[in-house]
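Worksheet for the structure shown next.
Residue numbers start from 1 in every chain, and the chains themselves are labelled A, B, ... in the order their sequence lines are given, proteins ahead of strands.
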There are 2 protein chains.
Amino acid sequence: MDMSCSIKLSFKKQMLRTREDAIVRTVHRLLCEKGFDAMTVDEVAAGVGIAKASLYKHFPSKEDLAAAAMVGVMRQAQAFVKAVPAELAPLDKLRRVTRWTLELQLAGDMPTLPSHNSSLRAVLMASKDYMDGLLEVSDVLGGWIEQAQSAGQINPQLPAIAVLYTLFARACDPVLEFLKLGGQHTDAQIADMVLGTCFDGLNARS
Amino acid sequence: MDMSCSIKLSFKKQMLRTREDAIVRTVHRLLCEKGFDAMTVDEVAAGVGIAKASLYKHFPSKEDLAAAAMVGVMRQAQAFVKAVPAELAPLDKLRRVTRWTLELQLAGDMPTLPSHNSSLRAVLMASKDYMDGLLEVSDVLGGWIEQAQSAGQINPQLPAIAVLYTLFARACDPVLEFLKLGGQHTDAQIADMVLGTCFDGLNARS
DNA sequence: GTCTATAATCAGATAGAC
DNA sequence: GTCTATCTGATTATAGAC
């Protein structure tokens, strides 16, 4: 008897979800194109094709808009990490994930956030979805790092956390952008150089 | 006969110079503490102890304030590079300069600018003092890089410009900040780790 | 050149009708 | 939930007296 009602509700929910997906996609695109600071809420509204006030019915602040987009990025990362072939050596797993972040940036598909914005950090850290993803990715990578160190593939004298941060930092490495602007190398060459520098260093191998 | 006049002028100029030095010092401090975006012109005026309108008699814009501070940083860099002992191996010269930038950051003495701000970039690139310093530092480092590559100390397969960018990027490496926040290591240890990772890579040496 | 006071602008967020 | 219209606060920059 109330089937029509439940169908209506589900339909409404689906519409809501679709609308919010459209918002998040626009936010993601703008974060990739110009970064958090340069992105305005007006632009987001215009990009989605709705009024700014409507945006605020879905997300309470600009920071929450960005956080929603970052949850999507983190989900992508979780999916990629899970799909890394288990039979690879730990070092090769780390290289694959790192290369993936480099390629995302080179393709213009990596959002850039200001690392010193405290209100943004607060919202990100208050997001359970984001933090769960970040922690899971960190755990998996951390395990690979320790395995690689035990196997003598990664310098065992480095604290694992330092290795983890160094890999995370590749996801916003300004070297990529500068080399790309130079126009002297293909994206693949740039990725190879930065990946090589990260793992092998600048020194010539002895 | 007009000696008193020329003395007065010189005195005035000296006062002007002193005042502008005070402004630049305050700007430098605020750029180190909070970065360009978070720094407001009101804060600069309050820090110097003068009215905001007076600031604008000395510098035409916020960007020019930052540029003046960056000229000072660039002069420091030029002086440091010049003082590197000529008898060192090229690789060791590069390591010294890189370590110096790491220590500046760890000491909280490195200004942070938003790399995507176009108006700021325009003002910086229009500053002859800044660009001259940047070019000279780049030239000297570039020479050392090529020497180190010829001597087989730095990977000769890497384009020199990629090496240069990689070293410049250490001057704003977020890994330093994260490791410092962790509180598990001293500044010296952090500098050692990042310097080692930069030149030797994450891999265990074969 | 320095000040007080104010302009001008921009962007995040909200009120209230529908 | 969506809209138009507006508020609010922050911030860069300037006018004009002294």
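The side chain of A/Tyr56 approaches C/dT14 more closely than any other nucleotide in the set D/dT14, C/dT14, C/dC3. The side chain of B/Glu63 has D/dA13 as its nearest neighbour among C/dC3, C/dA13, D/dA13. With distances taken from any side-chain atom of B/His58 to the nucleotides C/dT2, C/dA13, C/dC3, the minimum falls on C/dT2. Closest contact between the side chain of A/Ser61 and the listed nucleotides D/dT12, D/dT14, C/dA13 involves C/dA13. Nearest to the side-chain atoms of A/Lys62 among the listed nucleotides D/dT2, C/dA13, C/dT4 stands C/dA13. Checking D/dT11, C/dC3, D/dA13 against the side-chain heavy atoms of B/Asp42 singles out D/dT11 as nearest. Between D/dC3, D/dA13, D/dT2, one nucleotide has an atom nearer to the side chain of B/Lys52 than all others, and that is D/dA13. Distance from the side chain of A/Leu16 is smallest for D/dG1 among the nucleotides C/dT2, C/dC3, D/dG1.
Paired with A/Leu16 under the rule side-chain contact (heavy atoms from CB on, under 4.5 Å), one option of A/Lys12, A/Glu20, A/Arg19 passes, and it is A/Glu20. Paired with A/Leu94 under the rule side-chain contact (heavy atoms from CB on, under 4.5 Å), one option of A/Ile154, A/Leu164, A/Leu88, A/Val84 passes, and it is A/Ile154.
Contacts of B/Met15 with the nucleic acid, taken as non-hydrogen atoms under 4.0 Å apart, are absent.
Per the geometry, CD belonging to B/Glu43 stands 11 Å off C1' belonging to D/dT11, to the nearest Å. Protein atom CZ of A/Arg17 is 18 Å distant from nucleotide atom C1' of D/dG1, rounded to whole Å. The separation between A/Leu120 atom CG and C/dA11 atom P is 18 Å, rounded to whole Å. C/dA13 atom C1' lies 15 Å from atom CD1 of A/Ile50, rounded to whole Å.
A/Gln149 contributes a side-chain N or O that, together with a main-chain N or O of A/Leu158, makes up a donor-acceptor pair within less than 3.5 Å.
No side-chain donor-acceptor contact under 3.5 Å links A/Thr18 and A/Asp21.
Where A/Lys57 and A/Phe36 each meet DNA chain C at their nearest nucleotide, the meeting point lying more 5' is that of A/Phe36. Annotation: of the two residues near DNA chain C, B/Gly49 and A/Thr40, the 5′-most nearest-nucleotide partner is B/Gly49.
Under the 30°/60° scheme for interplanar angles, the aromatic rings of A/Trp100 and A/Phe80 are found to lie parallel.
Note on B/Ser54: every side-chain N or O is 4.0 Å or more away from OP1 and OP2 of C/dG1.
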